[in-house]
Peer 1: 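Pasting a structure below so you can have a look.
Every heavy atom of this structure was used, including side-chain atoms; hydrogens, water molecules and symmetry mates were not.
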Amino acid sequence: MNSSKRHEIFSRLQAANPHPSTELEFDGAFQLLIAVLLSAQTTDVAVNKVTKVLYALAPTPQAMLELGEEKVRDTIKTIGLYRTKAAHVIATCEALLNTFGGEVPQTRAELESLPGVGRKTANVVLNTAFRQPAMAVDTHIFRVSNRTGIAKGKNVREVEDKLVKYIPKEFLLDAHHWLILHGRYTCKALKPQCSNCLIEDLCEYKAKAL
DNA sequence: AACTCGGGGCA
DNA sequence: TGCCCAGAGTT
């Protein structure tokens with residue numbers, strides 16, 4: 001995969017979806033942080049159901065602590081891993097207040113210091129809330145990157161580094177959303193929709209599969 | 001590197 | 001019924 005091919009791929013994805021965004025529902029960096037924290041191994045539809053209620057009950061870190069872990073747990077109990085996530089939400093809000101003045105920090109190291117926030121979550125917040133050039137590689141992006149040849153790697157870290165390095169700068173901020181949506185709806189794990197794919201002719205997977 | 005958390009959605 | 005889902009922390 002050469003650079004002109006990558007440019008063409010992202011040009012097409014951009015033309016089809018000029019203003020991509022996460023499917024998680026949020027308003028502001030704090031809500032996004034909570035939403036992504038809750039989304040581990042859980043579909044965004046399920047997350048949106050509980051965050052809608054949770055944000056109304058607790059729109060700020062202070063309000064979240066006043067609400068308390070029991071109520072948070074009860075509010076999010078319809079999603080997976082809810083006990084761990086409720087504890088992480090409370091612990092993260094405590095850290096936001098005690099260490100970061102109630103604001104969501106804007107560096108990866110600081111974000112990763114928050115309980116329940118790993119590299120992937122930190123990168124999503126950096127990219128989506130703060131528009132910094134970070135790539136958060138999940139299973140969708142890992143699969144799409146390797147199949148198409150946009151960035152091949154044995155682990156997510158390797159793919160992440162190559163994506164940041166190889167994706168043309170003008171596309172990098174939105175590339176996260178294009179790739180993840182492409183992986184979910186077209187380049188699916190089990191039944192890839194190659195016949196409906198915008199970049200079929202540029203993809204190494206298609207070339208190899210047929 | 002393997003293990004655990006975990007209810008909902010879908011085949 | 002079985003398998004997967006926008007992962008992270010612990011051992």
Peer 1: For A:Asp27, look at atom CG and say whether over 12 heavy atoms of other residues, nucleotides or ligands are found less than 6.0 Å away.
Peer 2: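 It does not: A:Asp27 CG has 12 such atoms or fewer within range.
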
Peer 1: Atom CD of A:Glu23 and atom P of C:dC5: how far apart are they, to the nearest Å?
Peer 2: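 Value for this atom pair: 15 Å.
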
Peer 1: Are A:Leu96 and A:Pro105 side-chain neighbours, meaning at least one heavy-atom pair lies under 4.5 Å?
Peer 2: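 Yes. Closest side-chain heavy atoms under 4.5 Å.
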
Peer 1: Considering only NZ, NE, NH1 and NH2 on the basic side and carboxylate oxygens on the acidic side, decide whether A:Lys152 and A:Glu158 come within less than 4.0 Å.
Peer 2: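 Result for this pair is no, no salt bridge flagged.
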
Peer 1: Would you please say whether a donor-acceptor pair under 3.5 Å links the side chains of A:His19 and A:Gln14?
Peer 2: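 Looking only at side-chain atoms, A:Gln14 and A:His19 do not form any donor-acceptor pair under 3.5 Å.
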
Peer 1: Contact class for A:Lys77 vs. all strands (heavy atom < 4.0 Å): base, sugar-phosphate, or nothing?
Peer 2: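 Sugar-phosphate: the residue A:Lys77, judged by heavy atoms under 4.0 Å, touches backbone atoms but no base.
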
Peer 1: Give the rounded distance in Å between these two atoms: CG of A:Asn48 and C1' of C:dC5.
Peer 2: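 Rounding to the nearest Å, CG of A:Asn48 and C1' of C:dC5 are 14 Å apart.
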
Peer 1: What distance, rounded to whole Å, do you find between the two P atoms, one in C:dT10 and one in B:dG6?
Peer 2: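 It comes out at 14 Å once rounded to the nearest Å.
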
Peer 1: If I take atom NE2 in residue A:His140 and atom P in nucleotide C:dG7, what distance separates them, rounded to the nearest angstrom?
Peer 2: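 Whole-Å distance recorded here is 7 Å.
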
Peer 1: Using heavy-atom distances to pick each residue's nearest nucleotide on DNA chain C, tell me which of A:Arg143 and A:Arg119 is more 5'.
Peer 2: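 Nearest nucleotide further toward 5': that of A:Arg143.
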
Peer 1: Inspect the surroundings of CD in A:Glu103 and state if more than 12 heavy atoms from other residues, nucleotides or ligands are less than 6.0 Å away.
Peer 2: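 No - once you tally the heavy atoms of other residues, nucleotides and ligands closer than 6.0 Å, there are 12 at most.
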
Peer 1: Expressed as a whole number of angstroms, how long is the span from A:Asp44:CG to B:dG9:P?
Peer 2: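 Those two atoms, CG and P, are 13 Å apart.
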
Peer 1: Ignoring hydrogens and geometry beyond distance, is a side-chain donor-acceptor pair present between A:Lys85 and A:Thr42 at under 3.5 Å?
Peer 2: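 Indeed, the side chains of A:Lys85 and A:Thr42 share at least one donor-acceptor pair under 3.5 Å.
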
Peer 1: Give me the ring orientation class for A:Phe10 and A:Trp178: parallel if the planes are under 30° apart, tilted from 30 to 60°, perpendicular past 60°.
Peer 2: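 Plane angle between 30° and 60°, so tilted.
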
Peer 1: Which is true for A:Thr42 with a 4.0 Å heavy-atom rule: it touches a base, it touches only sugar-phosphate, or it touches nothing?
Peer 2: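 The answer is base, as A:Thr42 lies within the cut-off (heavy atoms under 4.0 Å) of a base atom.
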
Peer 1: Could you give the CG-to-C1' distance, from A:Asn123 to C:dG7, as a whole number of Å?
Peer 2: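 Computing the A:Asn123:CG to C:dG7:C1' distance gives 13 Å.
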
Peer 1: For A:Asp138 and C:dA8, what is the distance between atoms CG and C1' respectively, to the nearest whole Å?
Peer 2: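 These atoms are roughly 14 Å apart.
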
Peer 1: Just call it for A:Thr22: base, sugar-phosphate, or nothing, with non-hydrogen atoms closer than 4.0 Å on any strand.
Peer 2: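 Counting heavy atoms under 4.0 Å across all strands, the contact made by A:Thr22 includes a base.
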
Peer 1: Which part of the nucleic acid does A:Leu190 contact within heavy-atom distance under 4.0 Å: base, sugar-phosphate only, or nothing?
Peer 2: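 It contacts nothing in the nucleic acid.
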
Peer 1: I'd like to check A:Thr51 versus A:Ile76 (side-chain heavy atoms, cut-off strictly below 4.5 Å). Are they in contact?
Peer 2: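 SC-SC contact between A:Thr51 and A:Ile76 ruled out.
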
Peer 1: Report all interatomic pairs (protein N or O, nucleotide N or O of nucleotides 1-5 of chain B) with separations under 3.5 Å.
Peer 2:
residue: B:dC5; atom: O3'; partner: A:Thr84; partner atom: OG1; Å: 3.1

Peer 1: Under 3.5 Å, which N/O atoms of the protein pair with N/O atoms of nucleotides 9-11 of chain C?
Peer 2:
residue: C:dG9; atom: OP1; partner: A:Gly116; partner atom: N; Å: 2.9

Peer 1: Say whether A:His176 and A:Thr22, considering side chains only, have a donor N or O and an acceptor N or O under 3.5 Å apart.
Peer 2: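 There is no such pair between these side chains.
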
Peer 1: Only one of A:Lys5, A:Arg6, A:Arg12 clears side chain to side chain donor-acceptor pair (under 3.5 Å) with A:Glu8; which?
Peer 2: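 Passing option: A:Arg12.
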
Peer 1: Rounded to whole angstrom units, what separation is found between the CD1 atom of A:Ile79 and the P atom of B:dG9?
Peer 2: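 Computing the A:Ile79:CD1 to B:dG9:P distance gives 12 Å.
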
Peer 1: Using heavy-atom distances to pick each residue's nearest nucleotide on DNA chain B, tell me which of A:Gly80 and A:Lys49 is more 5'.
Peer 2: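 With A:Lys49 and A:Gly80 compared, the 5'-side residue is A:Gly80.
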
Peer 1: Expressed as a whole number of angstroms, how long is the span from A:Phe142:CZ to C:dC5:P?
Peer 2: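 Going from CZ in A:Phe142 over to P in C:dC5 covers 13 Å.
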
